[in-house]
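Working notes for the structure below.
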Amino acid sequence: MQAVRKILIVDDDSALRQSLAEQLERDGEFSVVECDTGTSAQAAVQGEHFDAMLLDVGLPDMDGRDLCRQFRRDAVNVPIVMLTAADSDGDTVQGLDAGADDYVTKPFRLNVLLARLRAHLRQSEHRDDAIFSIGPYTFQPGAKLMTDATRRKKVRLTEKETAILRYLYHAGDRAIGRSTLLGEVWGYNAGVTTHTLETHVYRLRQKIERDPANAEILVTEPGGYRLNP
């Protein structure tokens, strides 16, 4: 199963917002944080990382497009899907010019919205500036960096450490066998053994775990290795 992805819904229509949240969380694919104003959304984004946003244009305290522009200026690079009751070409262009990835007109079919959201998430996860949440860290594969804002800790990663974490992240809660992980990260090189992988995992734990001897983030399973969310 894919790792649970965190979605921010910003809409002052409480019935719509709650319905969207229930549908998104129903199968365990997403977790949701709800906001009803632009101001509360700004506070939420400062406090935690989101994998994507659903952002209403008509917020009570500001235009959602202005909020989208602000997020982009602040280097919030996750997919933003704007929701609006207006369906003119001009409105769509304004939303996209503000930095939105997509523009969906109300009323919409939920399955269509979810399909578009998933498509943008798939695209974003392969960008060089993608950011993921792993334990207390935000993980930036393109920068080979993990950051724990709470402890003001930055961890520099090697290329192989980055590849290990990226592959395990996309595996979700599945344990990945050592030989599989070795093949994915190093390729099937006859000169590389599982001992090489175990050495890299050991060094990675020294960097990211509070207690490397009792790993809580990169854990060992009977079938191999797994990341805790």
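Everything numeric in this text was worked out from a predicted model, so none of it was measured.
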Next item on the list: Could you please spell out the steps behind the side-chain hydrogen bond (donor to acceptor under 3.5 Å, both in side chains) verdict for Arg73 and Gln70?
Entry: CA-CA 5 Å; Arg73 284 195 295 267; Gln70 183 62 55; 3.0 Å; yes
Next item on the list: Would you please classify the geometry between the His170 ring and the Phe132 ring as parallel, tilted or perpendicular, with 30° and 60° separating the classes?
Entry: perpendicular
Next item on the list: Determine, step by step, whether Arg72 and Asp101 satisfy the salt bridge (Lys or Arg N to Asp or Glu O under 4.0 Å) criterion, reporting the C-alpha distance in whole Å, the side-chain angles of both residues, the deciding distance to 0.1 Å, and the verdict.
Entry: CA-CA 11 Å; Arg72 294 312 192 203; Asp101 296 274; 2.7 Å; yes
Notebook entry, point to check: Do you know the tightest heavy-atom contact between Cys68 and Ile80?
Noted result: SG-CD1, 3.9 Å
Next item on the list: Consider only side-chain heavy atoms of I, L, V, M, F, W and Y, link residues closer than 4.5 Å, and tell whether Ile134 and Tyr225 are in one cluster.
Entry: yes
Next item on the list: Indicate yes or no: at least one non-hydrogen side-chain atom of Leu54 is less than 4.5 angstrom from one of Val104.
Entry: no
Note to self: Using modelled atom types and a 3.5 Å cut-off, is there a donor and acceptor pairing between side-chain atoms of Asp102 and backbone atoms of Val81?
What the structure shows: no
Margin query: Enumerate the ring pair (Phe, Tyr, Trp, His ring centres under 6.0 Å) contacts for residues 37-59, please, sequence neighbours excluded, ordered by first and then second residue.
Written below: none
Next item on the list: In sequence, state the C-alpha distance, the side-chain angles, and the governing distance for Ile7 and Met53, and then conclude on side chain to side chain contact (heavy atoms under 4.5 Å, CB included).
Entry: CA-CA 6 Å; Ile7 309 298; Met53 298 182 201; over 6 Å; no
Margin query: Let me check something: do Leu24 and Leu110 share a hydrophobic cluster, defined by ILVMFWY side-chain heavy atoms less than 4.5 Å apart, either directly or through other members?
Written below: yes
Next item on the list: Please report the shortest heavy-atom distance between Leu157 and Met146, naming the atom on each side.
Entry: CD1-CG, 3.7 Å
Check: Crowded around Glu216 CD? As in, over 12 foreign heavy atoms under 6.0 Å?
Finding: no
Check: Going hydrophobic residue to hydrophobic residue with side-chain gaps under 4.5 angstrom, can you get from Leu121 over to Val78?
Finding: no
Check: Short question: side chain of Asp11, backbone of Asp13 - any donor-acceptor pair under 3.5 Å?
Finding: yes
Notebook entry, point to check: Just wondering, more than 12 heavy atoms not from Arg69 lying within 6.0 Å of its CZ?
Noted result: yes
Next item on the list: Calculate, to the nearest 0.5 Å, the distance between atoms CD and NE2 belonging to Glu159 and His200 respectively.
Entry: 9.5 Å
Notebook entry, point to check: Can you check whether Arg17 reaches Leu20 side chain to side chain, under 4.5 Å on heavy atoms?
Noted result: no
Next item on the list: Indicate yes or no: at least one non-hydrogen side-chain atom of Phe108 is less than 4.5 angstrom from one of Arg116.
Entry: no
Note to self: Quick check: is Leu182 connected to Tyr169 through a chain of hydrophobic side chains (ILVMFWY, heavy atoms under 4.5 Å apart)?
What the structure shows: yes
Next item on the list: Give the minimum heavy-atom separation between Asp56 and Leu59, together with the two atoms involved.
Entry: O-CG, 3.6 Å
Margin query: With heavy-atom distances below 4.5 Å as the criterion, would you say the side chains of Arg118 and Glu29 are in contact?
Written below: yes
Next item on the list: Measure the shortest side-chain to side-chain distance between Thr196 and Lys160 over non-hydrogen atoms and say whether it is less than 4.5 angstrom.
Entry: no
Notebook entry, point to check: Rounded to the nearest 0.5 Å, what separation is found between the CG atom of Leu227 and the OG atom of Ser133?
Noted result: 12.0 Å
Checklist line | Exercise: identify the closest heavy-atom pair between Val185 and Ala163 | finding: CG1-CB, 3.9 Å
Notebook entry, point to check: Do the side chains of Met62 and Val45 join up, straight or via other hydrophobic residues, at under 4.5 Å, putting them in one cluster?
Noted result: yes
Item checked: Distance (rounded to the nearest 0.5 Å) between Lys106 NZ and Leu113 CG -> 11.0 Å
Note to self: Testing the basics here: between Thr37 and Val10, what is the closest heavy-atom pair and its distance to 0.1 Å?
What the structure shows: O-CG1, 3.7 Å
Next item on the list: Check whether any side-chain heavy atom of Gln140 sits under 4.5 Å from a side-chain heavy atom of Thr147, and report yes or no.
Entry: yes
Notebook entry, point to check: For Leu8 and Ala44, which heavy atoms make the closest approach, and how far apart are they?
Noted result: CD1-CB, 4.3 Å
Check: Just by distance, do the side chain of Thr199 and the backbone of His195 share a donor-acceptor pair under 3.5 Å?
Finding: yes
Notebook entry, point to check: At what distance, to the nearest 0.5 angstrom, does OG1 of Thr180 lie from OH of Tyr167?
Noted result: 6.5 Å
Checklist line | Under 3.5 Å donor-acceptor, Glu209 side chain and Ile217 backbone | finding: yes
Next item on the list: Could you point out which residue of Arg205, Glu198, Arg226 forms a side chain to side chain contact (heavy atoms under 4.5 Å, CB included) with Thr220?
Entry: Arg205
Item checked: Distance in Å, Tyr103 OH paired with Met82 CE, rounded so as to fall on 0.5 Å steps -> 6.0 Å
Margin query: Distance check, rounded to the nearest 0.5 Å: Leu168 atom CG versus Glu184 atom CD?
Written below: 10.5 Å
Note to self: Is there a side-chain contact between Leu83 and Val57 in this structure, where contact means two heavy atoms from C-beta onward sitting under 4.5 Å apart?
What the structure shows: no
Check: Do the side chains of Leu55 and Leu67 get nearer than 4.5 Å, heavy atoms only?
Finding: yes
Check: Just by modelled atom types, is the Val32 backbone N or O under 3.5 Å from a matching donor or acceptor in the Glu25 side chain?
Finding: yes
Notebook entry, point to check: Who pairs with Lys153 by side chain to side chain contact (heavy atoms under 4.5 Å, CB included), at least two apart in sequence or on another chain?
Noted result: Tyr137, Asp148, Arg151, Val155
